[in-house]
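Take a look at the structure set out below.
Start at 1 and go down the list; that is how both ligands and their atoms are numbered.
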Amino acid sequence: MTTDQLKINDLLHQKTYLSDGKLIDWTGKTDEVFSTISSSENYQKTLLGTVPHMDKETALEVLESACHAFDKGKGLWPTMKVAERIACMENFVGKMKEQREIVVKYLMWEIGKSMPDSYKEFDRTVEYIEDTIEDYKDLDRDSAKFSKKDGVYAHIRRGPLGIVLCLGPYNYPLNETFALLIPAIIMGNTVIFKPAKHGVLLISPLLEAFKESFPAGVVNVIYGRGREVAAPIMQSGRIDVLALIGNSKSAIALQDQHPYKNRLRLVLGLEAKNPGIILPDADLDLAISECISGTLSFNGQRCTALKILYVHESIQKEFLKRFAEKVDSLKFGNPWDENVNLTPLPEPGKPEYIQGLIEDAQQKGAKIINKKGGEISENFIFPAVLFPVTKDMNVYQEEQFGPVIPVKPFSEIKEILEEIADSNYGQQVSLFGKDICELAPLIDTLVNLVCRVNLNSSCQRGPDVFPFTGRKDSAVGTLSVHDALRSFSIRTFVASKDNPYNNEILENLLHSKSSNFMSTDYLL
Ligand code: G3H
């Protein structure tokens with residue numbers, strides 16, 4: 001991308017929303033979208049454009065469109081042949097690829113993600129869609145048969161659940177949102193999708209592709225505030241799946257709106273406080289390098305980020321010295337600056353929030369170990385390495401989701417296991433060490449406290465074919481290319497007693513290919 005292409009020359013005014021297969025003009029109130037990145041020498045935030053500030057009435061009209069397309073399971077999309085749904089998705093991903101540059105540009109401006117990471121987010125999302133298509137074909141091939149037990153034939157497949165309300169997070173406004181949206185759509189559900197607060201304009205270039213690729217009402221896109229548009233949609237009781245990646249407060253608030261709790265399925269990716277444990281015999285070069293990326297890639301704004309480091313007291317001095325130097329050597333700049341590691345924070349109040357955590361920790365006895373730690377500007381605060389952190393500090397208790405690194409010393413590993421067990425979260429852990437006598441019992445316990453133990457490496461979601469989930473308040477359901485297809489569907493089947501009368505009907509159904517559900521064809 002050239003410097004000229006990076007500039008915001010024209011504002012992007014999103015003047016339509018997608019409903020019932022049409023891009024409908026929005027003439028009501030709008031919200032301005034700002035970037036915390038300054039375009040001029042003297043700092044000022046940059047206006048990027050506007051989006052509709054939709055209201056309850058319009059949100060309910062959009063809901064009607066999704067319900068109409070599902071049509072109580074009778075709709076074109078939920079009853080369509082798998083091969084035809086896949087063809088629609090292939091069409092979509094082809095059109096999406098054409099929008100790579102513009103989406104990446106807005107990823108950088110709206111959420112401050114570095115250029116290489118923004119391209120990675122886009123490409124990873126395309127790969128996710130392509131892998132989903134392949135996995136769905138496999139799922140279909142495995143179902144293209146009959147099972148027989150106790151004289152009953154069964155033709156078992158997975159069917160859609162209904163209407164999905166899909167909400168994504170600002171840190172991966174494309175990838176994580178699509179990790180919900182794409183499996184939900186391809187399994188035959190119809191979807192209402194509200195882009196994240198930060199990372200909303202980058203969806204605009206894809207609206208036309210959604211409109212062109214899927215039948216009317218399958219994908220609907222709304223804008224506005226959660227409590228004004230998402231809450232009334234939930235209150236209607238017509239949502240079958242709440243798919244949300246974000247924080248548990250919003251997830252609970254939305255669930256509470258739904259009048260029929262047992263009908264509502266949940267697919268949730270929530271907050272975490274993944275610990276890094278550095279054992280006495282850890283390879284410090286490796287541990288430090290992984291803890292740098294684990295704590296600070298995308299400024300620590302990842303649910304999988306390492307949000308607390310437990311360092312054994314026998315190595316704490318050496319670890320802290322080298323780790324602090326490495327943190328201070330990281331380069332801060334705009335997303336398109338060369339070799340940049342740290343970038344502006346998209347949330348306007350975030351530097352002050354992080355500063356508050358630092359001050360609270362200092363008042364309770366922690367020190368900033370690195371020289372540049374806590375240096376604040378209009379859109380950033382340099383990561384502070386805080387030591388020693390104790391349980392009473394806010395930075396110990398809260399998911400900071402930003403650039404600050406609490407470090408807590410330990411002498412007995414038992415204490416750490418207790419702390420992890422007592423935590424509200426249970427997503428992943430990073431374990432740095434070598435001695436298998438020490439590692440083995442730790443692994444055996446940690447796998448029961450979290451859902452992924454990363455040996456000598458930072459925590460991460462990928463590769464996306466692996467299960468991504470969490471215990472306690474960290475997740476509901478499992479996401480991965482394969483698991484997501486299951487999360488957004490239910491097993492449903494046709495059963496028929498083995499007798500000549502039924503068997504003839506079954507054979508006719510299969511040979512005539514008149515049913516879209518019943519098929520033993522191998523999907524190429
Ligand atoms: O925000 C949480 C993301 O799922 C993290 O994904 O580990 O690929 O950065 P990542």
Side-chain angles (χ1 to χ4, degrees), residues 107 110-129 131-132 166-183 195-199 202 243-251 267-276 289-308 335 341-343 345-347 350 398-403 425-430 450-455 457-481 483-484 487:
L107 263 171
E110 286 194 273
I111 63 160
K113 191 167 276 193
S114 72
M115 189 184 287
D117 283 351
S118 294
Y119 276 116
K120 202 158 107 194
E121 176 160 353
F122 188 92
D123 296 341
R124 177 182 177 183
T125 309
V126 166
E127 196 183 322
Y128 190 94
I129 302 174
D131 287 349
T132 298
C166 183
L167 305 146
Y170 82 78
N171 64 335
Y172 281 92
L174 182 73
N175 181 266
E176 296 239 274
T177 315
F178 277 39
L180 301 172
L181 195 62
I182 298 301
K197 184 168 173 221
H198 306 290
L202 61 91
L244 177 149
I245 297 188
N247 72 65
S248 44
K249 274 195 198 131
S250 358
V267 182
L268 309 176
L270 305 171
E271 60 271 37
K273 186 96 182 167
N274 292 342
S289 140
E290 290 291 321
C291 286
I292 289 286
S293 62
T295 53
L296 290 177
S297 66
F298 194 36
N299 312 307
Q301 301 166 119
R302 296 160 60 231
C303 63
T304 48
L306 289 176
K307 299 200 179 92
I308 184 159
N341 308 105
L342 302 164
T343 49
L345 303 171
E347 291 176 290
K350 201 57 170 275
E398 292 171 25
E399 189 207 31
Q400 65 268 40
F401 215 77
Y425 309 112
Q427 192 197 63
Q428 300 188 17
V429 65
S430 291
V450 297
C451 289
R452 174 165 165 167
V453 176
N454 298 278
L455 203 51
S457 67
S458 60
C459 298
Q460 61 179 54
R461 193 183 93 201
D464 290 330
V465 293
F466 292 154
F468 176 54
T469 183
R471 298 169 188 269
K472 297 186 267 185
D473 288 343
S474 286
V476 177
T478 301
L479 291 173
S480 74
V481 168
D483 292 305
S487 299

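- Proximity to Phe468 (heavy-atom distance under 4.0 Å) selects the following atoms of ligand 1: 4 (O).
- Interatomic distance, CD1 of Ile308 versus CD of Gln400, reported as 8.5 Å (0.5 Å rounding).
- With Leu306 as the fixed residue, the side-chain contact (heavy atoms from CB on, under 4.5 Å) test singles out one of Ser430, Ser293, Pro275: Ser430.
- Counting only heavy atoms of the protein, atom 8 (O) of ligand 1 lies nearest to Arg124 NH1, 2.8 Å.
- A distance of 8.5 Å separates CZ in Phe298 from CG in Leu345, rounded to the nearest 0.5 Å.
- For ligand 1, the polar-atom distance check finds no N/O of Phe401 at less than 3.5 Å from any of the ligand's N/O atoms.
- Nearest protein neighbour of atom 6 (O) of ligand 1, counting heavy atoms only, is Arg461 CB, 3.4 Å.
- Taking distance alone, with nitrogen or oxygen atoms compared against 3.5 Å, Gln460 stays at or beyond that limit from ligand 1.
- Rounding to the nearest 0.5 Å gives a distance of 10.0 Å between CZ of Arg124 and CG of Asp117.
- Nearest protein heavy-atom contact of atom 3 (C) of ligand 1 is Cys303 SG, 3.2 Å.
- Backbone and side-chain nitrogen or oxygen atoms of Glu176 are examined, and one is located within less than 3.5 angstrom of a nitrogen or oxygen of ligand 1.
- Side-chain atoms of Glu110 come within 3.5 Å of backbone N or O of Leu202 as a donor-acceptor pair.
- Interatomic distance, CZ of Phe468 versus CZ of Arg461, reported as 6.0 Å (0.5 Å rounding).
- Of the protein's non-hydrogen atoms, the one nearest atom 5 (C) of ligand 1 is Thr304 OG1, 3.1 Å.
- Side-chain atoms of Lys307 do not come within 3.5 Å of backbone N or O of Phe401 as any donor-acceptor pair.
- Using a 4.0 Å cut-off between heavy atoms, Asn171 contacts ligand 1 through its side chain alone, with no backbone atom that close.
- Given atom 9 (O) of ligand 1, the protein heavy atom at minimum distance is Tyr172 OH, 2.3 Å.
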